[in-house]
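Letters A, B, ... mirror the listed sequences (proteins, then strands); counts begin at 1.
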Number of protein chains: 2
Amino acid sequence: MTNESSQSLKLFIVLSRAYKAINEQVNKFIQTKGLNPTEFAVLELLYHKGDQPLQQIGGKILLASGSITYVVDKLEEKGLLKRNACPKDRRVTYAQITEEGKTFIGEIFPEHEERIHDLMSSLSHDEKETAIELIKKLGLSVGKY
Amino acid sequence: MTNESSQSLKLFIVLSRAYKAINEQVNKFIQTKGLNPTEFAVLELLYHKGDQPLQQIGGKILLASGSITYVVDKLEEKGLLKRNACPKDRRVTYAQITEEGKTFIGEIFPEHEERIHDLMSSLSHDEKETAIELIKKLGLSVGKY
DNA sequence: TATAATTAATTTGAATTCGAGATAAATTTT
DNA sequence: AAAATTTATCTCGAATTCAAATTAATTATA
């Protein structure tokens, strides 16, 4: 290692490669289920965190407001979610997962999780614990920039 | 932690968040220089690794063949690279960074590296070393899938 | 109150990427 | 040598995303 900056660069490179490799596998799986990654992310958010105003979805999964409209339209066309007007504030629209959407995610999520577990099998329990701790520290500090 | 799978899922989530947070900062910087992230990746590859057949660029930075044509067109329009026919195999075209391109990357790369170093400053030297080792192991095992 | 400022959702248009198919060149097989 | 296959690049259309502009509703302020 010639200096500290190049160590940081190396960390950036390995992080990028690992993320892309894992993500590619995860996305392939999601696409076999007829969703794109963004659709999956929105649906999973609603499934695990309940109804959300459209605007907040953008903040949570890092998506521009124009993109939210697009992806929510798609999911609504597929019958996996529906829009509900907020009675208190007519500017606000809630996205709510439908029964069909719940069934759908309920079926594929466990497999999704298991596949991720398989992808991570090169690390031991303790190594994962260490990796989680370090990467979380890194991510949190950047998020605050 | 309820079970091993959820630990892996957690690692996936922190990895995704950290990558996205860092990448967002890096991309913002690149865009202030008038390039998109793919253009930067191609140019940096040529700068550090020398001339490349178009087809190999796709393999190294994970890009479909149609996209390579597009990005190389853009960089050629900007005068940052040029195409060279391969004399031995007329199917092959090499991408070569121009003097203008070298000057350009030579100016922004050190700043790029320094910014990444700043983004990583929440981890100590040893923590980075540990993170590199673990993430590399993870990425390599997935890459072989 | 009315005016201004802010916030939420949508629409529009441009940029980027992929995938499928087309074309051209080289290599291998028959 | 001719045919078939492989390889490299490009073209085209579809999908996805963002940014900017628009519309509508709410909140703050003079």
Side-chain angles (χ1 to χ4, degrees), chain A residues 16 20 23-43 46 51-78 80-96, chain B residues 16 19-20 23-43 45-46 51-78 80-96:
Chain A
S16 298
K20 286 177 188 170
N23 211 242
E24 189 188 341
Q25 299 299 321
V26 169
N27 288 349
K28 269 186 197 163
F29 170 69
I30 290 169
Q31 274 158 8
T32 65
K33 302 301 179 181
L35 295 183
N36 70 41
T38 310
E39 291 171 338
F40 181 80
V42 170
L43 216 50
L46 300 178
D51 303 0
Q52 305 280 332
L54 297 197
Q55 195 261 340
Q56 291 199 29
I57 295 174
K60 289 183 181 168
I61 68 171
L62 205 56
L63 208 58
S65 77
S67 309
I68 298 169
T69 299
Y70 175 82
V71 67
V72 168
D73 283 352
K74 294 286 170 196
L75 287 168
E76 202 167 26
E77 285 166 18
K78 291 177 183 174
L80 299 175
L81 69 71
K82 65 193 187 73
R83 284 175 163 91
N84 289 129
C86 172
K88 298 184 181 171
D89 186 337
R90 292 198 298 169
R91 291 171 306 178
V92 175
T93 304
Y94 282 91
Q96 178 180 34
Chain B
S16 299
Y19 171 77
K20 285 177 188 169
N23 211 239
E24 190 188 341
Q25 298 301 320
V26 170
N27 288 349
K28 268 185 198 164
F29 170 68
I30 291 169
Q31 274 158 7
T32 64
K33 303 301 178 180
L35 295 182
N36 71 41
T38 309
E39 291 170 338
F40 180 80
V42 170
L43 216 50
L45 175 69
L46 300 179
D51 302 2
Q52 305 281 330
L54 298 196
Q55 193 261 340
Q56 292 200 28
I57 295 174
K60 289 183 181 167
I61 68 171
L62 206 56
L63 208 58
S65 77
S67 308
I68 298 168
T69 300
Y70 176 82
V71 177
V72 170
D73 281 352
K74 293 288 172 196
L75 287 170
E76 204 167 23
E77 285 166 17
K78 291 177 183 174
L80 299 173
L81 70 71
K82 63 192 187 74
R83 284 175 162 91
N84 288 127
C86 174
K88 298 184 180 172
D89 186 337
R90 290 199 298 168
R91 293 170 304 179
V92 176
T93 303
Y94 282 91
Q96 177 180 33

Review point. Between dA15(C) atom P and Lys78(B) atom NZ, what is the distance in whole Å?
Key: 11 Å

Check your understanding: Is a donor on one side and an acceptor on the other found under 3.5 Å between the side chain of Lys78(A) and the backbone of Leu35(A)?
Key -> no

Check your understanding: For Asp73(A) and dT16(D), what is the distance between atoms CG and C1' respectively, to the nearest whole Å?
Key -> 13 Å

Practice item. Would you mind classifying the nucleic acid contact of Ile68(A) as base, sugar-phosphate or nothing, using non-hydrogen atoms under 4.0 angstrom? Key: nothing

Review point. Under a 4.5 Å cut-off applied to non-hydrogen side-chain atoms, are Arg83(A) and Asp73(A) in contact?
Key: yes

Review point. Looking at the side chain of Val92(B), which of dT11(D), dC18(D), dA8(D) is the nearest nucleotide?
Key: dA8(D)

Point to revise | Most 5' of Ser65(A) and Thr38(A) on DNA chain D, judged by nearest nucleotide | key: Thr38(A)

Point to revise | Listed nucleotide nearest any side-chain atom of Leu63(A), set dA25(C), dT17(D), dC10(D) | key: dT17(D)

Review point. Short question: side chain of Glu39(A), backbone of Asn36(A) - any donor-acceptor pair under 3.5 Å?
Key: yes

Exercise for review: Could you tell me the separation between the CZ atom of Phe40(A) and the P atom of dT16(D), rounded to a whole number of Å?
Suggested key: 16 Å

Practice item. Using a 4.0 Å heavy-atom cut-off across all strands, classify Thr93(B) as base, sugar-phosphate, or nothing. Key: sugar-phosphate

Point to revise | Spatial distance of atom CG (Leu45(B)) from atom CD (Gln52(B)) [nearest 0.5 Å] | key: 4.5 Å

Check your understanding: Of all the choices, dA26(C), dA9(C), dG19(C), which nucleotide is nearest to the side chain of Ala64(B) once you look at every atom?
Key -> dG19(C)

Exercise for review: Measure the distance from CD on Gln52(B) to P on dT9(D) and round it to the nearest whole Å.
Suggested key: 11 Å

Exercise for review: Between dT17(C), dA8(C), dA8(D), spot the one nearest the side chain of Arg91(B), thanks.
Suggested key: dA8(D)

Practice item. Look at all strands and tell whether Leu62(B) reaches a base, only sugar-phosphate, or nothing, counting heavy atoms closer than 4.0 Å. Key: sugar-phosphate

Check your understanding: Of all the choices, dT17(C), dC10(D), dA26(C), which nucleotide is nearest to the side chain of Ser67(B) once you look at every atom?
Key -> dT17(C)

**Study point:** Whole-Å gap separating C1' (dA25(D)) and NZ (Lys88(A))
**Key:** 17 Å

Check your understanding: Out of dA25(D), dC10(D), dA26(C), which has the shortest distance to the side chain of Arg83(B)?
Key -> dC10(D)

Study note, to complete from the structure: note: Ile61(B), atom CD1; dT17(C), atom C1'; distance rounded to Å ~ 12 Å

**Study point:** Leu54(B) side chain, from C-beta outward: closest of dC10(D), dT10(C), dT16(D)
**Key:** dC10(D)

**Study point:** For atom CZ of Arg90(A) and atom C1' of dT10(C), their distance in whole Å
**Key:** 16 Å

Review point. Gln56(B) side chain to Pro53(B) main-chain N or O, any donor-acceptor pair under 3.5 Å?
Key: no

Point to revise | Rounded distance in Å - NZ (Lys20(B)) to C1' (dT17(D)) | key: 13 Å

Review point. In terms of side-chain heavy atoms of Tyr70(A), which of dA15(D), dC18(D), dA9(C) is nearest?
Key: dA15(D)

